[in-house]
Protein chains: 2
Amino acid sequence: MSNLKTTPDDILACARALVTSGGYNSFSYADIAEVVGIRKASIHHHFPSKVDLVRTLVARYREDAAVGLAALEQNVQNPLEVLRAYADHWAMCIEDASRPFCVCALLASELPTLPPEVALEVKAFFRFISSWLTSIMERGSKEGSLNLESDPRIEAEAFMASVHGAMLSARAYGTPDVFATILAPTMARLSPANAH
Amino acid sequence: MSNLKTTPDDILACARALVTSGGYNSFSYADIAEVVGIRKASIHHHFPSKVDLVRTLVARYREDAAVGLAALEQNVQNPLEVLRAYADHWAMCIEDASRPFCVCALLASELPTLPPEVALEVKAFFRFISSWLTSIMERGSKEGSLNLESDPRIEAEAFMASVHGAMLSARAYGTPDVFATILAPTMARLSPANAH
DNA sequence: CACTTTCTACCTTCCAGTAGGAAGGAAATC
DNA sequence: GATTTCCTTCCTACTGGAAGGTAGAAAGTG
């Protein structure tokens with residue numbers, strides 16, 4: 001097994017943790033250097049500027065998400081269960097506190113002050129998740145495995161907003177389980193058992 | 001009419017605009033000084049430290065919200081209409097781009113890296129809005145003017161999460177109207193006309 | 001006069017980023 | 001097999017600027 005983490009990977013992982021905890025402006029190259037065990041200048045060798053670093057980070061975050069969501073759709077057929085797995089994924093991340101927040105949800109709040117290159121990547125992530133959720137909603141609607149009350153596209157946006165808002169609340173209250181509590185009514189409503 | 005804004009008020013207003021656009025770490029005293037037309041050191045006279053400034057800002061933000069929400073409840077009796085007015089308030093703020101984001105929703109995303117004093121105020125704001133929304137939900141549930149599918153407390157949390165998430169999406173897409181679009185299904189579901 | 005407000009000037013610390021050299025490995029050349 | 005060359009990585013040392021904050025004097029106000 002190839003456990004060999006390269007230095008750029010270590011830097012990106014560390015940067016992701018720092019971004020998720022406080023956003024773009026809350027960390028410095030010095031912070032990363034201390035955690036990774038390397039000098040500041042060495043980070044500049046791998047990522048010439050902070051913009052390069054975070055742009056790469058967000059782009060890779062989106063790629064990883066694409067792979068993960070594709071795998072999820074392979075393993076789980078029922079659209080309702082796919083959405084549940086998606087929500088559960090975040091619930092577990094929040095409880096683990098290892099990846100307690102969606103990188104892009106956090107960066108989106110800072111969008112007006114973000115460097116343009118990073119802002120573009122963040123916006124692309126939103127469009128990606130939105131279109132993926134829309135496709136799930138459409139499939140569920142056709143199959144009858146999802147109980148939609150609105151257009152699939154709107155349901156997808158509303159679902160994403162609930163997930164992001166629930167992340168915020170979980171962070172504000174400091175109690176991870178409110179995430180699942182907030183999502184529960186949404187999941188219940190989407191279940192065809194509750195169709196009216 | 002007393003249009004006379006005091007200097008501390010100007011500073012707070014400017015700080016609020018800067019916080020809503022990029023969070024705690026995205027602005028400096030120098031930024032405020034430039035906008036208000038004052039020197040950096042003069043700001044320190046009114047707010048000795050940045051923590052003092054933002055703590056005061058959030059505390060006053062909550063007081064203003066308390067006054068505004070109390071007035072809203074005076075003017076509008078129907079709980080459903082209260083919620084609609086609450087959502088419309090944010091929709092207008094987002095379209096005006098003057099106050100395009102809830103200060104505390106934004107600061108909540110930075111909570112782990114926020115100075116403790118500020119973090120406390122932000123958490124207090126969440127509890128305040130949550131309990132206010134809960135009281136509205138309870139009243140609407142008793143009166144039959146709101147169609148709740150879950151516990152009023154949970155409905156309140158879910159509603160707040162939707163609002164916050166919709167703010168994020170509106171910012172990410174750069175199209176303010178998606179806020180109203182996302183909230184529409186939630187509002188429709190709460191209407192007693194849609195009871196099942 | 002006392003008090004508040006604002007100013008200039010300065011401090012320390014941190015920031016992103018740069019210059020240039022040392023260490024190491026991998027070929028390619030002798 | 002030893003030496004030279006090249007490239008990657010990481011280092012020390014530094015720069016210019018911006019950060020939050022301070023000291024103390026000047027200007028305004030009751």
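Proteins come first, then strands; the chains are lettered A, B, ... in the order of their sequence lines, and each starts at number 1.
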Using the benzene-type ring in the case of Trp, are the ring centres of A:Phe126 and A:His164 under 6.0 Å apart? yes
Donor-acceptor under 3.5 Å (B:Tyr29 side chain, B:Ser49 main chain): yes
Does any donor atom in the side chain of B:Glu157 or A:Thr181 lie under 3.5 Å from an acceptor atom in the other side chain? no
Heavy-atom donor-acceptor pair, B:Ser162 side chain to B:Ala158 backbone, under 3.5 Å: yes
Do A:Thr7 and A:Asp10 get their side chains close enough for a donor-acceptor pair, meaning under 3.5 Å? no
Would you mind listing every salt bridge (charged side-chain N to carboxylate O under 4.0 Å, His left out) that reaches into residues 116-129 of chain A, with sequence neighbours excluded? A:Arg62-A:Glu121
Any salt bridge (charged side-chain N to carboxylate O under 4.0 Å, His left out) pairs touching residues 68-92 of chain B, not counting sequence neighbours? B:Glu73-B:Arg139, B:Glu81-B:Arg84
For A:Ile11 and D:dT9, what is the distance between atoms CD1 and P respectively, to the nearest whole Å? 10 Å
Enumerate the residues from residues 25-35 of chain A whose closest heavy atom to DNA chain D is under 4.0 Å, giving them by residue number; use none for an empty result. none
Does any N or O in the side chain of A:Ser28 come within less than 3.5 Å of the main-chain N or O of A:Ala30, such that one atom is a donor and the other an acceptor? yes
Rounded to the nearest 0.5 Å, what's the gap from OG1 on A:Thr56 to CZ on A:Phe47? Could you check? 5.5 Å
Contact check, residues 39-48 of chain B vs DNA chain C, heavy-atom distance under 4.0 Å, returns B:Arg39, B:Ala41, B:Ser42, B:His45, B:His46
Which pairs, with at least one residue in residues 36-52 of chain A and sequence neighbours excluded, count as a salt bridge (charged side-chain N to carboxylate O under 4.0 Å, His left out)? A:Asp52-A:Arg55
Along DNA chain C, first and last positions that approach a heavy atom of chain B under 4.0 Å: C:dT5 to C:dT8
